[in-house]
Amino acid sequence: MIRGAGILLPISSLPSSYGIGTLGREAYAFVDLLVDIKQKYWQILPIGPTIYGDSPYQTISAFAGNHYLIDLDLLVEDKLLESEEIREYNWGTEYSRVDYEAIFENRNKILYKAFERFDINDDDYREFDNSNSWWLETYSVFVTLKQVNDYKPWTKWNEDIKYFDEAVLEEQKKKYFSQINFAKFCQYEFWKQWKNLKEYANSRGIKIICDIPYYVALDSCDVWCNPNRFRIDDDGKVKYVSAALPDKYSSKGQIWGMPLYNWDVHEEEEFNWWKARVKWAAEKVDIIKFNHFSGIIKDYAVLEGTIDFKKTKWFKGPGRKFVNAINEVRGKTPIIADTYCGKTLIPGVNKLLKKSGWLGTKVLMFAFDGDTSNEYLPHNYDNTDIVVYAGTHDNDTLVGFFREKTEFELAYLYEYLNISDRKQIPEGIIRAAYQSIGVVAIIQMQDILGLGNEARMNSPSTVGYNWRWRLNSDRLSEDRRSWIRNLAATYRR
């Protein structure tokens, strides 16, 4: 990777008139902004279809795109929709927040209008259908069955469709032919729009970084089709679910609630499902960020249905064999490993990272606890293969994080950053990220704008208010743009 800087901003957080950020005009405008302020990278969050809780890290498919992000104005340009039709629907009343309830109620309705005008015999569509049939067939049947079953999880479906096999697949394809083609149409439009956006970004010198979620949801096509790859029983029930130890993201720990992998089966299959995920991602983005790298060493889990962190268990991960399998298929696509894993690093994580050839991560927000040996302090970095974050989507904004700190707690930070006022902290930390030897520095858009916790993206282990922040009236002033350009030039970013 080339030394540079970038901004973390999810697609969903872009401005739009229709309730959620999309792959349309504002995405192209953001690429132009990145070029203007001398950035080289745009990091986004996962772009898969979400379910309850709206988390992009809990998707119903490891391969599909989120149809919420399809730009409706581009469908107007393709003469599949009329602008007046789009405005007939409610897309929410808060321009600075995604109203997922309104999106859930209305997105499929307007997209179906477009589908009714679409020619499914179109050559490009047929080519997309054929070349992606290895995942598209099962995904399209799965989402159709969810819709006709009132969006209940597959574990609560009738016995005749609850247990996947080829006979079930073929029967449902005949029964719900139109609905299944609608699901395919949505994927066609999503990936067409995505391809055009990525090509534009690359043509302007911007590379896109995107997470691969480590886990998938229990209520997902991947689990429904191949339950043997996960630690679940024959009825789709789980005994232990994914979790995280108490850490600086969440002092009480996190319960993610997703099924653990049956690594024996994955190893028997030579990690083919994972290889397909990574190969697919490598075709779609420029840099992969591998979420929850420590899980490759050891998985932390809690008893399903409990919030008692005393009822926990560790499960051994696949280790070096898994990394080798991934490296077989990633080609030249760089991988960033999210190595943060609690207050104490799991033994073996750094050793595996060095052998993997992947880049590590450092989060500056966690550096200033007064311990001069803190691994996140820039003077302790021992190599350049690091992506340095000021903060991440999972924690407070910089303004919010340091707002409640006492002057005593901030004394070391003031000294380290050579500042004297808490109002100077965000700029001081951003400057430190740019100064560092890490090959890439990534700053959240909220921190570039100097916003407080009202703009926080996610509070781990909570549901209902996350993943909603949107960039609307908050725009970068020319003074702010000039400051960032100067940082990029000064520190060879």
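K162 places a side-chain N or O within 3.5 Å of a backbone atom of T155 that can act as its donor or acceptor partner. No donor-acceptor distance shorter than 3.5 angstrom exists from the side chain of T490 to the backbone of L487, with no hydrogens or angles considered. A donor-acceptor pair under 3.5 Å is formed between the side chain of W157 and the backbone N or O of K152. Within the 3.5 Å criterion, the main-chain N or O of T59 finds no donor-acceptor partner in the side chain of S220. Of the possible polar contacts, none joining the N458 side chain to the N466 backbone as a donor-acceptor pair under 3.5 Å is found. Between the R493 side chain and the Y434 main chain, a donor and an acceptor come within less than 3.5 Å of each other. The backbone N or O of E269 lies less than 3.5 Å from a partner atom in the side chain of N272, making a donor-acceptor pair. Judged purely by atom type and a 3.5 angstrom limit, Q39 has no side-chain atom pairing as donor or acceptor with the backbone of L34. Not a single donor-acceptor pair under 3.5 Å links the side chain of W469 to the backbone N or O of M457. Side-chain atoms of H379 come within 3.5 Å of backbone N or O of T372 as a donor-acceptor pair.
Of the candidates I47, L45, N66, P56 forms a side chain to side chain contact (heavy atoms under 4.5 Å, CB included) with just one, namely L45. Partner of L218 under the side chain to side chain contact (heavy atoms under 4.5 Å, CB included) criterion, chosen from I51, V241, I232: I232.
Ring geometry for F322 against F271 counts as perpendicular: the plane angle is over 60°, on a 0 to 90° scale with 30° as the lower cut. A tilted orientation is assigned to the rings of Y215 and H292, their planes being inclined by 30° to 60°. Between W263 and Y261, the angle of the ring planes lies from 30° to 60°, which puts this pair in the tilted group. Taking the six-membered ring where tryptophan is involved, the planes of Y376 and F366 are perpendicular, since the angle between them exceeds 60° and thus also 30°. Ring geometry, Y28 versus Y200: the interplanar angle falls from 30° to 60°, so the pair is classed tilted. Ring-plane geometry between Y188 and Y125 is classed as perpendicular, the angle between the planes exceeding 60 degrees on a 0 to 90 degree scale with a lower cut at 30. The aromatic rings of Y100 and Y68 lie tilted to each other, with the angle between the two planes from 30° to 60°.
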Could you walk me through whether N291 and Y57 pass the side-chain hydrogen bond (donor to acceptor under 3.5 Å, both in side chains) check? CA-CA 9 Å; N291 176 252; Y57 292 90; 5.0 Å; no
Could you walk me through whether K237 and E304 pass the salt bridge (Lys or Arg N to Asp or Glu O under 4.0 Å) check? CA-CA 9 Å; K237 295 180 180 178; E304 203 280 331; over 6 Å; no
Determine, step by step, whether Y491 and R3 satisfy the side-chain hydrogen bond (donor to acceptor under 3.5 Å, both in side chains) criterion, reporting the C-alpha distance in whole Å, the side-chain angles of both residues, the deciding distance to 0.1 Å, and the verdict. CA-CA 10 Å; Y491 301 113; R3 181 174 172 84; over 6 Å; no
In sequence, state the C-alpha distance, the side-chain angles, and the governing distance for W154 and F142, and then conclude on ring pair (Phe, Tyr, Trp, His ring centres under 6.0 Å). CA-CA 9 Å; W154 67 265; F142 179 78; 8.0 Å; no
Between I37 and I7, does a side-chain contact (heavy atoms from CB on, under 4.5 Å) hold up when you go through it step by step? CA-CA 10 Å; I37 58 177; I7 293 179; 3.8 Å; yes
Chi angles and distances behind the salt bridge (Lys or Arg N to Asp or Glu O under 4.0 Å) call for K362, E375: CA-CA 8 Å; K362 302 293 183 185; E375 66 169 297; 2.9 Å; yes
Evaluate the side-chain contact (heavy atoms from CB on, under 4.5 Å) criterion for residues R485 and D36: first the C-alpha distance (whole Å), next the side-chain angles of each, then the deciding distance (0.1 Å), finally the verdict. CA-CA 8 Å; R485 287 189 208 107; D36 178 60; 2.9 Å; yes
Apply ring pair (Phe, Tyr, Trp, His ring centres under 6.0 Å) to the pair W134 and F63, showing each step before the final yes or no. CA-CA 10 Å; W134 56 275; F63 304 97; 5.0 Å; yes
Taking it one step at a time, do L14 and F30 satisfy side-chain contact (heavy atoms from CB on, under 4.5 Å)? CA-CA 8 Å; L14 290 165; F30 188 71; 3.9 Å; yes
The test is side-chain contact (heavy atoms from CB on, under 4.5 Å); show your working for W194 and I208 and say whether it passes. CA-CA 11 Å; W194 173 262; I208 296 177; 4.0 Å; yes
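Surrounding NZ of K38 are at most 12 heavy atoms belonging to other residues, nucleotides or ligands under 6.0 Å away. Shown here is Y465, whose OH atom has no more than 12 heavy atoms of other residues, nucleotides or ligands within 6.0 Å. At most 12 heavy atoms of other shown residues, nucleotides or ligands fall within 6.0 angstrom of atom NZ in K321. A 6.0 Å sphere centred on NZ of K40 holds more than 12 heavy atoms belonging to other residues, nucleotides or ligands.
Of the N and O atoms on the side chains of N327 and R330, at least one donor lies less than 3.5 Å from an acceptor on the other residue. Side-chain contact, Q43 with Y389: a donor N or O sits under 3.5 Å from an acceptor N or O. Side-chain atoms of W191 and Q187 form a donor-acceptor pair, as typed in the model, at a separation below 3.5 Å.
Residues satisfying the side chain to side chain contact (heavy atoms under 4.5 Å, CB included) criterion with R320, sequence neighbours excluded, are N324, L352, K355. Not counting sequence neighbours, the partners of F182 by the ring-ring contact (aromatic ring centres under 6.0 Å, His included) test are Y112, F115.
Comment: K198 engages D286 in a salt bridge, judged by a side-chain N to carboxylate O separation of less than 4.0 angstrom. With salt bridges taken as basic N to acidic carboxylate O contacts below 4.0 Å, one links K195 and E199. Ion pairing of D124 with K192 is absent here, as no side-chain N (NZ or NE/NH1/NH2) approaches a carboxylate O to less than 4.0 Å. Look at K146 and D219 and you find a salt bridge, because one of the NZ, NE, NH1 or NH2 atoms lies within 4.0 Å of a carboxylate O, short of that distance.
Taking the six-membered ring for Trp and the full ring otherwise, F293 and W358 have centroids separated by under 6.0 Å.
The side-chain tip of K284 points at the ring of W280 from less than 6.0 angstrom away and within 45° of straight on. For the pair R277 and W274, the cation-pi criterion (under 6.0 Å, within 45° of the ring axis) is fulfilled.
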Contacts table for residues 440-448: side-chain donor-acceptor under 3.5 angstrom, sequence neighbours left out:
{"unit_1": "Q444", "atom_1": "NE2", "unit_2": "T392", "atom_2": "O", "d": "3.2"}
{"unit_1": "Q446", "atom_1": "NE2", "unit_2": "A455", "atom_2": "O", "d": "3.0"}
{"unit_1": "D447", "atom_1": "OD1", "unit_2": "L398", "atom_2": "N", "d": "2.8"}

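I60 places none of its side-chain heavy atoms less than 4.5 Å from the side chain of C221. Proximity of Y416 to P378: side-chain heavy atoms (C-beta onward) are separated by under 4.5 Å at one or more points. Looking at L476 and L449, their side chains come closer than 4.5 Å, going by heavy atoms from C-beta outward. You'll find the side chain of V223 reaches within 4.5 Å of the side chain of V216, heavy atoms only.
For the atom pair CD1 of I335 and CE of M1, the computed distance is 11.5 Å after rounding to the nearest 0.5 Å. For the atom pair CG (L353) and CD1 (I386), the distance works out to 9.0 Å, reported to the nearest 0.5 Å. Atom CZ in R470 sits 12.0 Å away from atom CZ in R468 (nearest 0.5 Å).
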